[in-house]
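Taking it in order: structure first as structure tokens, then the write-up.
Side chains included, hydrogens not; waters and symmetry mates left out as well; all remaining heavy atoms used. Labels below follow one simple rule: chain letters A, B, ... track the order of the sequence lines, proteins then strands, and each chain is numbered from 1.
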Protein chains: 2
Amino acid sequence: MDSKDRQIIRALQANGRMTNQDLAEKVNLSPSPCLRRLRILEESGAIRGFSADVDAKAYGLPITVFVRIRLERHNEEDVRRFESRVMGFDEVLECHVLTGAFDYQLRVVVPDLDAYEDFIRNRIHRIGGIASIDTTFVYGTVKKTSVFPAIA
Amino acid sequence: MDSKDRQIIRALQANGRMTNQDLAEKVNLSPSPCLRRLRILEESGAIRGFSADVDAKAYGLPITVFVRIRLERHNEEDVRRFESRVMGFDEVLECHVLTGAFDYQLRVVVPDLDAYEDFIRNRIHRIGGIASIDTTFVYGTVKKTSVFPAIA
DNA sequence: TAAGATTTGGCAGAACCTGCCAACAGAGCG
DNA sequence: CGCTCTGTTGGCAGGTTCTGCCAAATCTTA
């Protein structure tokens, strides 16, 4: 991973459908080595994939929620049970393990408040072993970018 | 936005570099109308763009932090000042406006703890008007997907 | 300085995209 | 029921892009 690779990554974070020719021009390479570097970045896992960035409201999911959760017990079985259940919930787009007062933060998208209540009551609480839940709704978004900062 | 458009969106969230031919086959259309729908979704803003999903650690940014911030005052000028400054910080990938005890949640990526301290002291606090900051480090990630849930 | 290893650039065949036009399907109306 | 109008679909051809290969160039190391 050299500075050329990071240039390629940042260009593809800004525009993931850029053609290899444009990408090559942007990073001052010819198409062949540029494509080879891209394939290596994909195969090594540095680039996990490409995806469309979609307006959740336009799609029909106007409500985004950050849900912070603390478990009652942290033994291996309860943790694995919680995590494998959460992975299966389609409305959970992200689930991070945290330092601090809560164990997890989930990013959840739902079509309306009823769906959110249903999610908490019939999916999260039914996992069992939940000590507490903190719900924070997203009002608006000031900034959202996929492009990493340049580094030395 | 009909069910076909949502199929297209979900397919491109799962694989943003899928060729139009594969996409057309996946949603049971021929390439022409499929490409036209895609262009309309882009022009209408439903699809904001495409981007590479990159492993932050492999890139050289192993530390991800959620920072929750409360402002001292919420008059138009202070809010605009805060938001425009935050938009200019490259290490801030997301900034959401929240309900609840804090006003904002930022997702920040940095190469090490020194860089994080520098970010808080020399960028955030220097904005002025910050009432409180709550820092939560991300230990690990259980789930991260770009694909929205299917809706009726 | 020379040998070895890695990376680069260019080329040709295959795949893909793009913009156009004709054909089809569905809603509304006499 | 049949007609028209509107919106959507499918197919085609020229232009662009990708892909896999080989030779040339660059960078290390001794």
Please tell me if the side chains of [X] and [Y] come closer than 4.5 Å, counting only heavy atoms from C-beta onward.
X        : Y       : answer
A/Asp2   : A/Arg37 : yes
B/Ile124 : B/Val67 : no
B/Thr136 : A/His96 : no
B/Arg10  : A/Val54 : no
A/Asp134 : A/Phe66 : no

* To do: Please test B/Leu106 against B/Phe89 for side-chain contact (heavy atoms from CB on, under 4.5 Å), starting from the C-alpha separation and ending with a verdict.
  => CA-CA 11 Å; B/Leu106 281 56; B/Phe89 297 156; 5.8 Å; no

* Residues touching DNA chain D, which here means a heavy atom under 4.0 Å, drawn from residues 1-24 of chain A -> A/Thr19, A/Asn20, A/Gln21

* Tell me which residues in residues 41-50 of chain A put a heavy atom below 4.0 Å from DNA chain D, sorted by number, or none. => none

For [X] and [N], what is the distance between atoms [atom1] and [atom2] respectively, to the nearest whole Å?
X       : N      : atom1 : atom2 : result
A/Leu38 : D/dT17 : CG    : C1'   : 14 Å
A/Arg37 : D/dC18 : CZ    : P     : 18 Å
A/Arg39 : D/dG20 : CZ    : C1'   : 12 Å
A/Leu35 : D/dG20 : CG    : P     : 8 Å

N-O pairing of [X] and [Y] below 4.0 Å:
X       : Y        : result
B/Glu43 : B/Arg39  : no
A/Arg80 : A/Glu76  : yes
B/Asp53 : A/Arg48  : yes
B/Asp90 : B/Arg123 : no

* Mind grabbing the angle between the end helix axes of the helix from C/dT1-D/dA30 to C/dG30-D/dC1? Five pairs an end, 10° rounding. => 30°

N/O to N/O distances under 3.5 Å, protein versus nucleotides 5-7 of chain D:
none

Show the distances under 3.5 angstrom between N or O atoms of the protein and N or O atoms of nucleotides 9-12 of chain C.
| unit_1 | atom_1 | unit_2 | atom_2 | d |
| --- | --- | --- | --- | --- |
| C/dG9 | OP2 | A/Ser30 | N | 2.9 |
| C/dG9 | OP2 | A/Ser30 | OG | 3.1 |
| C/dG9 | O5' | A/Ser30 | OG | 3.4 |
| C/dG10 | N7 | A/Ser32 | OG | 3.2 |
| C/dG10 | O6 | A/Ser32 | OG | 2.3 |

* **Shortest non-hydrogen separation from A/Val27 to A/Cys34 and the atoms involved** => CG2-SG, 4.3 Å

* A/Asp55: what forms a side chain to side chain donor-acceptor pair (under 3.5 Å) with it, not counting sequence neighbours? -> none

* Please walk me through it: do A/Leu71 and A/Ile130 pass side-chain contact (heavy atoms from CB on, under 4.5 Å)? -> CA-CA 5 Å; A/Leu71 299 187; A/Ile130 307 290; 4.0 Å; yes

* A/Lys143, NZ: over 12 other non-hydrogen atoms inside 6.0 angstrom -> yes

* **Worked verdict on B/Phe82 versus A/Val142 for side-chain contact (heavy atoms from CB on, under 4.5 Å)** => CA-CA 10 Å; B/Phe82 176 82; A/Val142 173; over 6 Å; no

